K.L.:
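Structure below; questions to follow.
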Amino acid sequence: MTSRSKAVLGMCALALDLVLGLWFWALDPDGARRLIPVVVVGVLWAFAEFAQGPADSRRGPVVDWHRTVFATIALVLALRMGVRLAVELEVVGAGWVPTLRRGFGVLGGVLLGVWGNYLPKLLSPWRPEEQPFDWQGVHRFVGWLATLSGLGIAVVWLTLPIPVAGGTAVAIMLTFVILAFGRKLVSLASSSSRPPLAS
Amino acid sequence: MTAGELADHFDLAKPTMSAHFAVLREADLIDAEKSGTTITYRLKMSVLEDALLGFAETFGLELEHGRRGSGSRRPAAPGTAS
């Protein structure tokens with residue numbers, strides 16, 4: 001699949017998310033919160049498209065990777081909202097809700113693990129002498145962290161009671177995000193205090 | 001790391017090193033970038049590949065230690081080759 005096809009697929013999936021979110025809102029005034037993940041994914045994708053390295057040929061694989069990731073997230077989001085809508089419209093029985101919640105929790109963990117596994121394979125879009133921070137080192141660290149967090153979340157959703165699993169999974173995710181951003185900030189701080197590389 | 005810096009870590013002829021680099025590139029475990037006469041190599045391993053290498057290295061070290069009483073050498077730590 002070409003990079004352009006991935007972008008089109010991702011945009012179609014996001015549009016579907018938006019339609020489903022608006023449908024929820026029409027059914028229930030509190031349903032507007034379903035639109036929050038759609039907006040967050042859209043903003044993050046736009047950031048990844050326009051703020052990942054210099055505008056040259058080295059940036060292509062990074063943009064292509066983000067298109068794959070965001071198209072996948074948008075598709076999973078659409079699937080999740082579609083299932084919830086089916087429950088809301090009583091097409092699917094309420095008895096299935098715990099199983100479906102558990103299933104989506106495990107799927108989320110597995111996808112985070114797969115994303116983390118591939119992350120260190122991504123090469124920096126900057127030339128070695130132009131690196132704004134230790135790009136490769138940060139991605140390796142975040143990749144390991146995401147893989148372990150994803151596995152942890154999948155195991156938590158498979159083994160713990162649902163209310164406990166939900167809270168634990170959020171705690172793992174928050175810890176992952178804080179450590180990942182912390183690692184990047186440390187790298188940025190140490191890069192700015194280091195003299196520039198001699199070329 | 002550049003090809004020269006990597007070669008300094010091993011008692012091997014440069015053509016032998018090049019052959020090893022070619023195998024690693026074919027396996028998509030490293031990336032090579034040519035700039036003038038210098039080739040810079042970067043590690044390109046997934047978490048799973050990295051974990052398997054660490055696992056194999058641990059057992060490899062033990063086997064080698066059992067046979068010859070010495071450790072193996074790794075060209076660069078993950079994330080530091082650039």
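Since the model is a prediction, treat every value here as computed from it, not as a measurement. Chain naming here is simple, since letters A, B, ... match the order of the sequence lines and numbering starts at 1 in each.
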K.L.:
What are the two closest non-hydrogen atoms of Gly116(A) and Val47(B), and how far apart are they?
P.N.:
O-CG2, 3.4 Å
K.L.:
Would you say that more than 12 heavy atoms from the other residues, nucleotides or ligands in this model lie under 6.0 Å from the CZ of Arg101(A), or not?
P.N.:
no
K.L.:
Just wondering, more than 12 heavy atoms not from Arg80(A) lying within 6.0 Å of its CZ?
P.N.:
no
K.L.:
Under a 4.5 Å side-chain heavy-atom rule over Ile, Leu, Val, Met, Phe, Trp and Tyr, are Leu35(A) and Leu14(A) clustered together?
P.N.:
yes
K.L.:
Going from CG on Leu123(A) to CD1 on Ile30(B), what distance comes out if it is rounded to the nearest 0.5 angstrom?
P.N.:
11.0 Å
K.L.:
What's the spacing between Leu43(B) CG and Gln136(A) CD if we round to 0.5 Å?
P.N.:
8.5 Å
K.L.:
What heavy-atom pair brings Lys121(A) and Met45(B) nearest, and what distance separates the two atoms?
P.N.:
CG-C, 3.9 Å
K.L.:
With a 4.5 Å cut-off on side-chain heavy-atom distances among I, L, V, M, F, W and Y, is there a chain of contacts connecting Met1(A) to Leu122(A)?
P.N.:
no
